[in-house]
Amino acid sequence: MTPRRDTLSFVQLVPNLVTIMGMCAGLSAIRYTFDGRFELAAALIILAAILDGMDGLLARKLNAATSFGAELDSFSDFVSFGVAPGVLVFGYALTGPMAGFGWVFVLVFAVCACLRLARFNISRTAPEDAGHRHFVGVPAPAGAMLGLLPVYAGLAGLVDPSRFPVLTAFYLAVVGLLMVSRLPTPSLKGIRIKREYAIWVLVGMSVFVGLLFLRTWITLVVTDLIYLGVLGTLAMRHLRKQKGTS
(Lines give C-alpha, C1' and ligand atoms only; values in the text may rest on other atoms or scores of the structure.)
Protein backbone atom coordinates (compact mmCIF):
# COMPACT_ATOMS: atom_id res chain seq x y z
CA MET A 1 0.00 0.00 0.00
CA THR A 2 1.48 3.35 -1.05
CA PRO A 3 1.60 5.87 1.86
CA ARG A 4 -0.43 9.02 1.41
CA ARG A 5 1.61 12.10 0.52
CA ASP A 6 -0.32 14.28 2.97
CA THR A 7 0.59 12.14 6.01
CA LEU A 8 3.78 11.44 7.93
CA SER A 9 4.91 8.35 9.76
CA PHE A 10 5.34 8.98 13.47
CA VAL A 11 8.85 7.56 13.16
CA GLN A 12 9.75 10.45 10.84
CA LEU A 13 8.81 12.91 13.58
CA VAL A 14 10.87 11.26 16.32
CA PRO A 15 14.13 13.17 15.60
CA ASN A 16 12.23 16.48 15.52
CA LEU A 17 10.51 15.62 18.81
CA VAL A 18 13.91 15.00 20.40
CA THR A 19 15.12 18.34 19.01
CA ILE A 20 12.11 20.10 20.54
CA MET A 21 12.85 18.41 23.87
CA GLY A 22 16.40 19.76 23.70
CA MET A 23 15.14 23.26 22.94
CA CYS A 24 12.73 23.08 25.88
CA ALA A 25 15.62 22.01 28.12
CA GLY A 26 17.63 25.05 27.00
CA LEU A 27 14.72 27.42 27.52
CA SER A 28 14.02 25.90 30.94
CA ALA A 29 17.69 26.44 31.87
CA ILE A 30 17.13 30.17 31.29
CA ARG A 31 14.01 30.11 33.48
CA TYR A 32 15.81 28.34 36.35
CA THR A 33 18.74 30.75 36.08
CA PHE A 34 16.28 33.56 36.83
CA ASP A 35 15.12 31.55 39.86
CA GLY A 36 18.70 31.13 41.11
CA ARG A 37 18.59 27.34 40.67
CA PHE A 38 21.95 27.21 38.94
CA GLU A 39 22.63 23.49 39.38
CA LEU A 40 19.37 22.58 37.67
CA ALA A 41 20.00 25.12 34.91
CA ALA A 42 23.46 23.68 34.21
CA ALA A 43 22.07 20.13 34.24
CA LEU A 44 19.39 21.09 31.71
CA ILE A 45 22.00 22.49 29.30
CA ILE A 46 23.94 19.23 29.63
CA LEU A 47 20.70 17.35 28.92
CA ALA A 48 20.17 19.52 25.83
CA ALA A 49 23.67 18.55 24.62
CA ILE A 50 22.87 14.85 25.04
CA LEU A 51 19.57 15.24 23.18
CA ASP A 52 21.38 17.17 20.43
CA GLY A 53 23.60 14.17 19.84
CA MET A 54 20.63 11.84 19.84
CA ASP A 55 18.43 13.67 17.32
CA GLY A 56 21.00 13.55 14.52
CA LEU A 57 21.75 9.90 15.22
CA LEU A 58 18.06 9.03 15.18
CA ALA A 59 17.51 10.96 11.95
CA ARG A 60 20.24 8.93 10.23
CA LYS A 61 19.24 5.57 11.68
CA LEU A 62 15.53 6.07 10.95
CA ASN A 63 16.21 7.58 7.52
CA ALA A 64 14.20 10.60 8.65
CA ALA A 65 16.67 13.41 7.94
CA THR A 66 14.97 16.45 6.37
CA SER A 67 15.87 20.06 5.62
CA PHE A 68 13.19 21.13 8.09
CA GLY A 69 14.78 19.01 10.81
CA ALA A 70 18.23 20.44 10.07
CA GLU A 71 17.00 24.03 10.37
CA LEU A 72 15.03 23.23 13.51
CA ASP A 73 18.16 21.69 15.02
CA SER A 74 20.14 24.88 14.35
CA PHE A 75 17.52 27.07 16.03
CA SER A 76 17.45 24.71 19.00
CA ASP A 77 21.25 24.74 19.23
CA PHE A 78 21.33 28.53 19.26
CA VAL A 79 18.91 28.64 22.18
CA SER A 80 20.51 25.81 24.15
CA PHE A 81 24.20 26.43 23.41
CA GLY A 82 24.32 30.13 22.58
CA VAL A 83 21.72 31.92 24.68
CA ALA A 84 21.24 29.62 27.69
CA PRO A 85 24.94 29.22 28.66
CA GLY A 86 25.54 32.96 28.33
CA VAL A 87 22.53 33.78 30.51
CA LEU A 88 23.57 31.16 33.08
CA VAL A 89 27.15 32.47 33.35
CA PHE A 90 25.80 36.02 33.58
CA GLY A 91 23.30 35.11 36.30
CA TYR A 92 25.83 33.06 38.25
CA ALA A 93 28.94 35.23 38.08
CA LEU A 94 28.41 38.57 36.32
CA THR A 95 25.47 40.30 38.02
CA GLY A 96 27.56 42.47 40.37
CA PRO A 97 28.95 45.97 39.74
CA MET A 98 30.47 44.79 36.45
CA ALA A 99 27.14 43.50 35.09
CA GLY A 100 27.07 45.90 32.14
CA PHE A 101 30.64 45.03 31.19
CA GLY A 102 29.95 41.31 31.56
CA TRP A 103 26.81 41.45 29.44
CA VAL A 104 28.83 42.73 26.47
CA PHE A 105 30.87 39.53 26.51
CA VAL A 106 27.75 37.40 26.94
CA LEU A 107 26.53 38.98 23.71
CA VAL A 108 29.86 38.16 22.04
CA PHE A 109 29.50 34.52 23.09
CA ALA A 110 25.90 34.25 21.84
CA VAL A 111 26.66 35.96 18.51
CA CYS A 112 29.68 33.70 17.95
CA ALA A 113 27.51 30.63 18.59
CA CYS A 114 25.00 31.94 16.04
CA LEU A 115 27.76 32.53 13.46
CA ARG A 116 29.21 29.07 14.15
CA LEU A 117 25.86 27.45 13.45
CA ALA A 118 25.30 29.53 10.30
CA ARG A 119 28.72 28.49 8.97
CA PHE A 120 27.97 24.86 9.80
CA ASN A 121 24.68 25.03 7.89
CA ILE A 122 26.51 26.28 4.81
CA SER A 123 29.27 23.66 5.04
CA ARG A 124 26.69 20.91 5.54
CA THR A 125 25.68 21.18 1.88
CA ALA A 126 29.28 20.77 0.67
CA PRO A 127 30.56 17.30 -0.32
CA GLU A 128 32.08 15.53 2.68
CA ASP A 129 35.83 15.04 2.57
CA ALA A 130 36.50 11.62 4.03
CA GLY A 131 40.15 12.51 4.57
CA HIS A 132 39.37 15.44 6.87
CA ARG A 133 36.86 14.24 9.41
CA HIS A 134 37.11 17.13 11.83
CA PHE A 135 35.20 20.24 12.78
CA VAL A 136 36.31 23.74 11.87
CA GLY A 137 36.13 25.62 15.15
CA VAL A 138 34.67 24.32 18.39
CA PRO A 139 31.15 22.88 17.85
CA ALA A 140 28.32 24.75 19.56
CA PRO A 141 27.53 22.01 22.16
CA ALA A 142 31.22 21.73 23.10
CA GLY A 143 31.44 25.53 23.21
CA ALA A 144 28.52 25.60 25.64
CA MET A 145 30.22 23.04 27.89
CA LEU A 146 33.46 25.06 27.83
CA GLY A 147 31.60 28.31 28.43
CA LEU A 148 30.06 26.83 31.57
CA LEU A 149 33.46 26.04 33.11
CA PRO A 150 33.23 28.97 35.59
CA VAL A 151 29.81 27.69 36.69
CA TYR A 152 31.12 24.14 37.08
CA ALA A 153 34.09 25.40 39.11
CA GLY A 154 31.79 27.43 41.35
CA LEU A 155 29.34 24.58 41.92
CA ALA A 156 32.27 22.27 42.68
CA GLY A 157 33.43 24.71 45.38
CA LEU A 158 36.80 25.28 43.70
CA VAL A 159 36.47 29.01 43.07
CA ASP A 160 33.82 31.72 43.18
CA PRO A 161 33.76 33.17 39.64
CA SER A 162 31.70 36.16 40.81
CA ARG A 163 34.87 37.41 42.52
CA PHE A 164 36.61 37.59 39.14
CA PRO A 165 33.95 39.01 36.79
CA VAL A 166 36.42 40.50 34.30
CA LEU A 167 38.32 37.22 33.95
CA THR A 168 35.07 35.27 33.67
CA ALA A 169 33.71 37.63 31.00
CA PHE A 170 36.90 37.48 28.95
CA TYR A 171 36.98 33.68 29.21
CA LEU A 172 33.42 33.47 27.90
CA ALA A 173 34.33 35.68 24.95
CA VAL A 174 37.42 33.57 24.18
CA VAL A 175 35.28 30.43 24.05
CA GLY A 176 32.95 32.24 21.65
CA LEU A 177 35.88 33.14 19.41
CA LEU A 178 37.03 29.50 19.46
CA MET A 179 33.65 28.54 18.00
CA VAL A 180 34.12 30.84 14.99
CA SER A 181 37.86 30.13 14.61
CA ARG A 182 39.37 28.06 11.80
CA LEU A 183 40.99 25.72 14.30
CA PRO A 184 40.51 22.02 13.41
CA THR A 185 38.83 20.33 16.36
CA PRO A 186 38.17 16.64 17.03
CA SER A 187 35.10 14.94 15.62
CA LEU A 188 33.88 11.60 16.94
CA LYS A 189 33.50 10.46 13.32
CA GLY A 190 37.22 10.93 12.77
CA ILE A 191 38.37 9.00 15.85
CA ARG A 192 39.42 5.43 15.01
CA ILE A 193 39.82 2.86 17.78
CA LYS A 194 41.76 -0.37 17.38
CA ARG A 195 39.60 -3.38 18.11
CA GLU A 196 41.83 -4.57 20.95
CA TYR A 197 41.37 -1.20 22.67
CA ALA A 198 37.59 -1.01 22.25
CA ILE A 199 36.91 -2.78 25.55
CA TRP A 200 38.98 -0.21 27.44
CA VAL A 201 37.06 2.63 25.84
CA LEU A 202 33.82 1.08 27.07
CA VAL A 203 35.25 0.57 30.55
CA GLY A 204 36.54 4.15 30.56
CA MET A 205 33.10 5.44 29.63
CA SER A 206 31.52 3.52 32.50
CA VAL A 207 34.06 5.09 34.88
CA PHE A 208 33.29 8.55 33.47
CA VAL A 209 29.54 8.10 33.91
CA GLY A 210 30.07 6.83 37.45
CA LEU A 211 32.18 9.88 38.30
CA LEU A 212 29.51 12.13 36.83
CA PHE A 213 26.99 10.76 39.32
CA LEU A 214 29.46 10.71 42.21
CA ARG A 215 31.25 14.06 41.69
CA THR A 216 29.35 15.78 38.90
CA TRP A 217 30.84 19.26 38.84
CA ILE A 218 34.47 18.41 39.51
CA THR A 219 34.27 15.74 36.79
CA LEU A 220 32.95 18.33 34.33
CA VAL A 221 35.72 20.76 35.34
CA VAL A 222 38.38 18.12 34.64
CA THR A 223 36.69 17.19 31.35
CA ASP A 224 36.69 20.81 30.21
CA LEU A 225 40.34 21.24 31.17
CA ILE A 226 41.31 18.12 29.23
CA TYR A 227 39.40 19.38 26.18
CA LEU A 228 41.11 22.77 26.47
CA GLY A 229 44.45 20.94 26.59
CA VAL A 230 43.55 19.04 23.42
CA LEU A 231 42.55 22.29 21.72
CA GLY A 232 45.85 23.89 22.75
CA THR A 233 47.82 20.97 21.30
CA LEU A 234 45.86 21.09 18.05
CA ALA A 235 46.33 24.86 17.85
CA MET A 236 50.12 24.51 18.13
CA ARG A 237 50.17 21.79 15.46
CA HIS A 238 47.97 23.93 13.21
CA LEU A 239 50.33 26.91 13.58
CA ARG A 240 53.39 24.77 12.86
CA LYS A 241 51.70 23.34 9.78
CA GLN A 242 50.86 26.82 8.52
CA LYS A 243 54.42 28.01 9.08
CA GLY A 244 55.73 24.94 7.26
CA THR A 245 53.58 25.61 4.18
CA SER A 246 54.19 29.38 4.09
Flag, side chain of [X] to backbone of [Y], donor-acceptor distance under 3.5 Å:
X    : Y    : result
R116 : G143 : no
S76  : L72  : no
S181 : G137 : no

[X]: which residues meet the side-chain contact (heavy atoms from CB on, under 4.5 Å) condition with it, sequence neighbours left out?
X    : value
M236 : none
V166 : M98, F101, F170
L202 : none
V175 : F109, L146, Y171

Per the side-chain hydrogen bond (donor to acceptor under 3.5 Å, both in side chains) rule, what does the pair list look like for residues 150-160, sequence neighbours excluded? D160-S162
For residues 199-224, which residue pairs pass the side-chain hydrogen bond (donor to acceptor under 3.5 Å, both in side chains) check, not counting sequence neighbours? none
Test salt bridge (Lys or Arg N to Asp or Glu O under 4.0 Å) applied to R31 - qualifying residues, sequence neighbours left out: D35
Given a cutoff of under 4.5 Å between side-chain heavy atoms of I, L, V, M, F, W and Y, with clusters grown through shared members, what are the other residues clustered with L167? V159, F164
Which other residues belong to the hydrophobic cluster containing V174, where Ile, Leu, Val, Met, Phe, Trp and Tyr are joined when side-chain heavy atoms lie under 4.5 Å apart, directly or via other members?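 So far as hydrophobic clustering goes, V174 is joined with none.
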Atom pairs and distances, side-chain donor-acceptor, residues 19-29, under 3.5 Å, sequence neighbours left out:
unit_1 : atom_1 : unit_2 : atom_2 : d
T19    : OG1    : P15    : O      : 3.0
T19    : OG1    : D55    : OD2    : 2.7
S28    : OG     : C24    : O      : 2.8

Residues which pass ring-ring contact (aromatic ring centres under 6.0 Å, His included) with Y32, listed by chain and number, not counting sequence neighbours: none
List the residues meeting ring-ring contact (aromatic ring centres under 6.0 Å, His included) with F90, not counting sequence neighbours, and say none if there are none.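 Listed in chain order: W103.
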